[in-house]
Participant: 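Below is a structure I'd like to ask you about.
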Amino acid sequence: MDKIVVEGGNRLVGSIPVSGAKNAALPILAASILSSGPSTFKNVPMLQDVATMAKLLRQLGGEVDGKHTMVVHPPHGKKLKLEAPYELVKTMRASILVLGPLVARFGRARVSQPGGCAIGTRPIDQHLKGLAAMGAKVHLDHGYVEVECKRLRGATIVLDMPTVTGCENLMMAATLAKGRTVLENAAREPEVEDLALMLNKMGARVQGAGTAIITIDGVDELHAVEHTIIADRIEAGTFAIAAAVTRGDVLLEGAQAEHMDAIMAKLRGAGATVTVESGGVRVRGGGDLRAVDITTQPHPGFPTDMQAQFMVMATQAKGESMIKETIFENRFMHVPELCRMGAEIHVDGRVAVIRGQKKLAGAAVMATDLRASASLVIAGMIASGKTEVLRVYHLDRGYEAIEKKLRGVGAKIKRVRG
Ligand code: UD1
């Protein structure tokens, strides 16, 4: 298996192009199912998760061509198959995003139930509750969810929590329903907004995306679109931390500052200089970093997908930082690995306390999720000696050419094929 080898000590200087957002690309690719014509998507990040979604769309009977610009012919005709199999869903939970579009367009779908994952149990009860409220029959059968409804009808759905993919699934389902659907306590993530923008280009009538109440007036059919995916705020945030901790100076080319308020506020609080420029966001690290406390929250709060990376920064800051993870129950798996590199972090339930100004030393490390793996790469860039990050497939799920991008700004990092 491949590994990433990092040698610490270099300042990062220069600019890094930010790719399209994984979490926008996945629902948008799934939404292509809602129309009958071929849609074109630009700025699609080349990631393992995107490849998995393309594979799933092909399995359903669609055609997917291209890389950063992707053309998707939605499933149709004799090849149409309304099932997302376990083999694919187990590798990517976001496969559940085809459920809403399939039921809305074809009246039926069978999708393997995503199990728990490394960061928590992650149920899909809200997705199913919403579809049931829209008139669908929902059965659980041998590890699969089967959902059926000739035509969904609009409903008012109050989500128990602002689930991102849950909201996206229901929003997509509601576009072709009869009547008005209102999603209350909706997720406000920029990726939900990007999906709504794309759906409206297809002829949908979605209002309020980006707020806690989304209203969708169902239409009879949707048409093909061309859409450019927004920049990945989490990828940008990850490189921002790398710039800050290496006392570097990096322009995150194409980063959309309007999606990064919470991340930029905490970076500034920690002493980094963050400026919004015409080409993106510039991050400079200089003097001593200061401790900051963080509580992960749904957007516009601080994103859970940036928690592990900020923890690495906290190991270098002056003072003691506290990080509280409120979204997922088991998202501190990077802690033991960071401690093996010399960090001092104490975890009690959902709270981690990090002692700052610790010298890190390179080691062989691995993580069981994407963002935790990214945090280990950052740790490697400030550690003495060599760090080997194993299980690189986690990184490849969500970061496009990470070693190439970091090498471009001066990091000593390479992939060793194995
Ligand atoms: C999405 C993102 C992921 C990010 C997460 C939180 C995608 C493809 N993935 O994941 O990168 O870490 O948002 O920002 O966009 N929950 C339920 N029942 C449900 C649905 C969710 O209890 O039916 C709970 C989850 O267990 C979790 C919380 O709600 O505790 C938020 O999860 P959710 O927003 O659904 O995360 P995902 O959409 O899976």
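Both counts, for ligands and for their atoms, begin at 1 and track the order of listing.
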Participant: For the pair Arg397 and Thr52, evaluate side-chain contact (heavy atoms from CB on, under 4.5 Å) and give the outcome as yes or no after the intermediate values.
Facilitator: CA-CA 9 Å; Arg397 283 192 45 209; Thr52 305; over 6 Å; no

Participant: Is it true that Asp305 and Arg233 make a salt bridge, defined as a side-chain N closer than 4.0 Å to a carboxylate O?
Facilitator: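 Salt bridge flag = no for Arg233 with Asp305.
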
Participant: Provide the number and element of each atom of ligand 1 under 4.0 Å from a heavy atom of Gln126.
Facilitator: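 Within the 4.0 Å cut-off of Gln126, ligand 1 contributes 18 (N), 19 (C), 23 (O).
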
Participant: List every atom of ligand 1 that sits less than 4.0 Å from any heavy atom of His127, numbering the atoms from 1 in the order shown and giving each element.
Facilitator: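 Once the distances to His127 are compared, the set is 23 (O).
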
Participant: Checking side-chain contact (heavy atoms from CB on, under 4.5 Å) for the pair Lys405/Ser19: CA distance, chi angles, key distance, verdict?
Facilitator: CA-CA 10 Å; Lys405 289 190 184 187; Ser19 293; 2.7 Å; yes

Participant: Would you say the side-chain atoms of Glu191 and His299 include a donor-acceptor pair closer than 3.5 Å?
Facilitator: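 There is no such pair between these side chains.
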
Participant: Tell me whether Met161 reaches ligand 1 (any heavy atom closer than 4.0 angstrom to a ligand atom).
Facilitator: yes

Participant: Is it true that Thr296 and Glu325 share a donor-acceptor pair across their side chains at a distance under 3.5 Å?
Facilitator: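 Yes, Thr296 and Glu325 have a side-chain donor paired with an acceptor closer than 3.5 Å.
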
Participant: With a cutoff of 4.0 Å, is Arg93 in contact with ligand 1, counting heavy atoms of the residue only?
Facilitator: no

Participant: Can Gly166 be said to touch ligand 1, with heavy atoms closer than 4.0 Å?
Facilitator: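 Per 4.0 Å heavy-atom rule, Gly166 does not contact ligand 1.
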
Participant: For residues 19-41, which residue pairs pass the salt bridge (Lys or Arg N to Asp or Glu O under 4.0 Å) check, not counting sequence neighbours?
Facilitator: Lys22-Asp49

Participant: Would Arg415 and Asp396 satisfy side-chain contact (heavy atoms from CB on, under 4.5 Å), going step by step from the backbone distance to the final call?
Facilitator: CA-CA 11 Å; Arg415 177 181 297 249; Asp396 292 338; 2.8 Å; yes

Participant: Counting only heavy atoms, which portion of Ile327 has something under 4.0 Å from ligand 1: side chain, backbone, both, or neither?
Facilitator: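 Near ligand 1, Ile327 shows its backbone as well as its side chain.
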
Participant: Please indicate whether any nitrogen or oxygen in Lys22 is less than 3.5 Å from any nitrogen or oxygen in ligand 1.
Facilitator: no

Participant: By number and element, which atoms of ligand 1 are closer than 4.0 Å to a non-hydrogen atom of Arg331?
Facilitator: 12 (O)

Participant: Tell me every residue that passes side-chain contact (heavy atoms from CB on, under 4.5 Å) with Lys81, counting only those two or more places apart in sequence or in another chain.
Facilitator: none

Participant: Indicate yes or no: does an N/O atom of Ala94 lie under 3.5 Å from an N/O atom of ligand 1?
Facilitator: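 Ala94 vs ligand 1: no N/O contact under 3.5 Å.
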
Participant: Ile124 heavy atoms, cut-off 4.0 Å: which ligand 1 atoms fall inside?
Facilitator: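 Within the 4.0 Å cut-off of Ile124, ligand 1 contributes 19 (C), 23 (O).
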
Participant: Going by the order shown, which atoms of ligand 1 are within less than 4.0 Å of some heavy atom of Thr304?
Facilitator: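 That gives atoms 6 (C), 12 (O), 14 (O) of ligand 1.
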
Participant: Can you sort out which atoms of ligand 1 are near Asp305, meaning under 4.0 Å from one of its heavy atoms?
Facilitator: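 Going through ligand 1 atom by atom, the ones under 4.0 Å from Asp305 are 3 (C), 4 (C), 11 (O), 12 (O).
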
Participant: Within ligand 1, which atoms have a heavy atom of Val164 less than 4.0 Å away?
Facilitator: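 Answer, ordered by atom number: 1 (C), 13 (O), 15 (O), 33 (P), 34 (O), 35 (O), 38 (O).
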
Participant: Less than 3.5 Å apart, any donor N or O on the side chain of Thr156 or Glu184 sitting next to an acceptor on the other?
Facilitator: no

